[in-house]
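Notes to accompany the following structure.
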Amino acid sequence: MMTHDDNPLPASLEELGIDPEPAHGGSAEDRLLADLTEAQREAVVFGDGPLLVLAGPGSGKTRVITRRIAHLVHRGVPPWRICAVTFTNKAAGEMRARVGALLGIAGPDDAAPEPPRGLIVSTFHSLCARVLRRHVDLLDIPGLTPTYAIYDTTDQRALMKRIIKNNGMDTGNWSPRNVLGAISAAKNELTDAASYAQHAGEFYTRTIAKLYQLYERDLRRANAVDFDDLLMLTVKVLSSSEEARMSVSGRFSHLLIDEYQDTNRAQFVIASLIAQRDDGRRPNICVVGDPDQSIYGWRGADISNILEFEKHYPGATTIALGQSFRSTKRIIGTADTLIRHNTQRRHKDLFTERPEGEPIAVTHCIDERHEAQIVGSWLRSLREKHDLAWGEMAVFYRTNALSRTLEDEMRVTGTPYVIARGTAFYEREEVKDVLAYLRVIANPADDVSLRRIVNKPTRGVGSTTIARVDLLATQRGISLMEGLVEASRGVVEGVSQRAANALERFLTILGAWTGEGSFMGSDVSGSLSELIERVIVESGLETHYQKLAAKHAEAADEDKVENLYEVVAGAKQFEQEYDAGADIAQDPTVDPDGNAAEIPAPPLLAMLRAFLESVSLVADADAVDPTQGAVTLMTLHAAKGLEFPAVVIVGMEEGLLPHSRSRDSISELEEERRLLFVGVTRAMDHLMCTSARTRTHHGVSERTIRSQFFDELPEEHLEINDLAGGWGSGSQRARGWDEGAAIDDNEPRYVPDPEYTSAGALDAEGLPTVGSRVRHPQFGDGVVVAVVRGMDARAKIDFGRVGVKTLILRYARLEFLG
DNA sequence: ACCGGTGCTCTCTAT
DNA sequence: GAGCACCGGT
């Protein structure tokens, strides 16, 4: 058995390129420990065995992990035996950079210091993608090969939709979304299709079981895996193959996991399998997290992983970090008061030695546009009064839909902003098109991608032709691509000669890119970015989108052509990083002596695969970059792990935060509370929380009730501004709210937009304004509660005792009273 | 086969 | 307010 104790300890620090006694004062070890608190130091120097670090917000969690890694290396643990796992690529990148800085290994020229070679800092998903890529053949799943594609949510839905339809089922009754949700939950619990079917009793579960099995069958036919498979199949391969497990757990002697409170069952098992030791000693697993920041229960995260760590790893040491170095006393006090309302929780004292700070600005606004104005002017005032840079401010919201109004406000006022939606670029139509071509090149079995591109741009292969070929392929049990090859020869019944010719041309183009099946064979020269350029031009996508732009003359269409070339630019950058040996350094399958296994010069196909994989695993939070000098807009979920001097949390209303979907479960309500806790504790110095009295939701302007969480914040730390005219939920502290602090005269007040809320009963479009009174010949007098705009504009009207009616304005005989 | 218009439905969070 | 299915014209 190979364990690190059996290995000759390598490499003096000098050999590793690490200077053990740097010039600037003290030994390297002293320097690693110098500015740490007692508890932090304890966690950093802790020796062997399982370690749980319960780290409150801002308690120096990342610092502890990075110092601990550096300390391990100084203790003589070879860097390639250390594996650190995070949740986002950005967190992984930062951790790598910080370890590099601590160990002082200079990068090329002026580049940032690089971490020692062989040290793995990765996300769960990319670690699994690599392990799986390497060992997938050991699973012996027909159809699944190392060239597999990773299907994202959109791909999954497209596939599931077809499955449901082909089964003669109704996609309304059985929405792909819900079915996939059930399957995802099962996979997170490590329940595969076969065992799901075994335990399926009722009609509903039996149906899901059936769809699950068909879905798996089609995924394998397409040589594809979904996100959940990355984890579940890694568990499978690691637990079924000793060879696979040893390549990972035999290699690593130390495993560190960040944000452990957000791990699900699959991730828990993967961690155990990696940490497992074969010499009877306790595993060196160090997990860091905060149960109060567990916000991914809905995607299977199991808070008991962290709460019961000591049970899973007997004899584990626990260290609690409660001191915040981030937030002011008032912010910490507010967060603490809030989170104490959770009943299912392990309490830990939060405290800080930072100054008292400013009160939390609580502002109740009239509607979402007003709210956006208030937020905008608050941010501007911080810039003027406190000299904060745009990049030091962030606005958080519960749902992505809330960003629109904020964006409008930022644009109108010329405030630079970025939206932390890293995946947004790859979700654009034209970008998905290019990627679909690339995916088909890398994996011709990829059904979903092939369907997307076979007739885009249109080349005379319509839905009838595809349906014929699909039927043939299903009958013969071959892939759609193979079916297309048949059809192109003009021998498939029901496929016209015309369509066959079109297919022939399509396949010829594909063949030119792939070197006619030799697959990026030696005669296909060129780089990845050159390949992508060829694809954009030769596929006809460029011309297609150019024509579109010319036709519509809209900015959005102009951008599409540019976006195509953005993919090329992205690939160029990827090439450079890839060439820098990043892939080898990250490959966890380097042999246990730390010599990177001989890896041949990366052929184009391998690079393409790696590129597509990296694109698939981009996270929203990865897009956050404070140095851009712009206000960051993002969801509360994406905010996890970040900090900003100034933070605004908008949309604090019942149904939004806490979200309506959490209404009937205490544990879900408590997760909403933790979500707000995460938001509040991102703030270092300035914090604002807002609500709007009416909000447009699903195109309907509706009255809201302010969030119950307002009542759970400590009044003494708040500065309340009720700009919504004494609006309250009618509960708890209504009087207190109404007397809220006077409006600051410097604060621009809400200026009613005549087009939006005229003083009268109708707005410029002739639609009634919310709150205006109406008279109906039959129902009597009522108040407009909501308005639906559009072709057949409707209004929800409360007629008191008669109840709330929705009327189509075109037909309703209404008198508007103002 | 393709394209545009219309009307219906359903809206959370993410790797 | 967006995505999608359906339909009718070219």
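A note on names: the letters A, B, ... follow the listed sequences, proteins ahead of strands, and every chain is numbered from 1.
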Do A:Arg674 and A:Phe677 form a cation-pi contact, if we require the NZ or CZ to be under 6.0 Å from the six-membered ring centre and within 45 degrees of the ring's axis?
no

Pick one: which of A:Glu653, A:Glu654, A:Glu368 meets salt bridge (Lys or Arg N to Asp or Glu O under 4.0 Å) with A:Arg695?
A:Glu653

Given B:dA1, is OP1 or OP2 found less than 4.0 Å from the side-chain N or O atoms of A:Thr465?
yes

Ignoring backbone atoms, test whether A:Arg404 places a side-chain nitrogen or oxygen under 4.0 Å from the OP1 or OP2 oxygen of C:dA2.
yes

Determine the contact category for A:Tyr296: base if any of its heavy atoms lies under 4.0 Å from a base atom, sugar-phosphate if only primed atoms, P, OP1 or OP2 are that close, otherwise nothing.
sugar-phosphate

A:Glu259 has an atom CD; how far is it from atom P of B:dA14, in whole Å?
15 Å

Touch check for A:Thr464, heavy atoms < 4.0 angstrom, all strands: base, sugar-phosphate only, or nothing?
sugar-phosphate

Distance in angstrom units between A:Lys90 NZ and B:dA14 P, rounded:
15 Å

Hey, can you tell me if A:Trp298 and A:His637 have their rings parallel, tilted or perpendicular (30° and 60° cut-offs)?
perpendicular

CE of A:Met634 versus C1' of B:dT13: gap in Å, rounded?
14 Å

It should be established whether A:Arg661 places a side-chain nitrogen or oxygen under 4.0 Å from OP1 or OP2 of nucleotide B:dT11.
no

Nearest-nucleotide 5' precedence on DNA chain B, A:Glu672 against A:Ser496:
A:Ser496

Among the nucleotides B:dA14, C:dA2, B:dC12, whichever has the atom closest to the side chain of A:Thr635 is B:dA14

Of the options B:dC12, B:dT13, B:dC2, whose atoms approach the side-chain atoms of A:Trp298 most closely?
B:dT13

Given B:dC2, is OP1 or OP2 found less than 4.0 Å from the side-chain N or O atoms of A:Asn455?
yes

Output for pair (A:Tyr426 OH, A:Asn563 CG), nearest 0.5 Å, gives 11.0 Å

Looking at every strand, decide which applies to A:Ser175 at a 4.0 Å heavy-atom threshold: base, sugar-phosphate, or nothing.
nothing

Out of B:dT13, B:dA14, B:dC2, which nucleotide sits closest to the side chain of A:Thr458?
B:dC2

Result for salt bridge (Lys or Arg N to Asp or Glu O under 4.0 Å) between A:Arg439 and one of A:Asp152, A:Asp433, A:Asp446 points to A:Asp446

For A:Asp292, which of A:Lys640, A:Arg673, A:Arg345 qualifies under salt bridge (Lys or Arg N to Asp or Glu O under 4.0 Å)?
A:Arg345

Rounded to whole angstroms, how far apart are CG on A:Asp262 and P on B:dT13?
17 Å

A:Asn400 side chain near B:dC12 phosphate (N/O to OP1/OP2, under 4.0 Å)
no

Quick one: A:Asp228 CG to B:dT15 P, roughly how many Å, whole number?
13 Å

In whole angstrom, what separates A:Leu669's CG from B:dT13's P?
19 Å

For nucleotides 3-6 of chain C, give me every protein contact, N/O to N/O, under 3.5 Å, one pair per line with atom names.
from	atom 1	to	atom 2	distance (Å)
C:dA5	OP1	A:Lys161	NZ	2.4

Counting only side-chain N and O atoms of A:Thr88, is one of them less than 4.0 Å from OP1 or OP2 of B:dT15?
no

Face-to-face contact A:His659 to B:dT13 six-ring, under 5.5 Å, under 30°
no

Here the distance between atom C1' of B:dA14 and atom CG of A:Asp622, to the nearest Å, is 11 Å

For residues A:Pro57 and A:Asp290, determine if any side-chain heavy atom of one lies less than 4.5 Å from a side-chain heavy atom of the other.
yes

Residues A:Ile150, A:Asp229; criterion side chain to side chain contact (heavy atoms under 4.5 Å, CB included); working and verdict
CA-CA 9 Å; A:Ile150 301 173; A:Asp229 282 335; over 6 Å; no

For the pair made of CD in A:Glu429 and C1' in C:dA2, what is the distance, rounded to whole Å?
14 Å

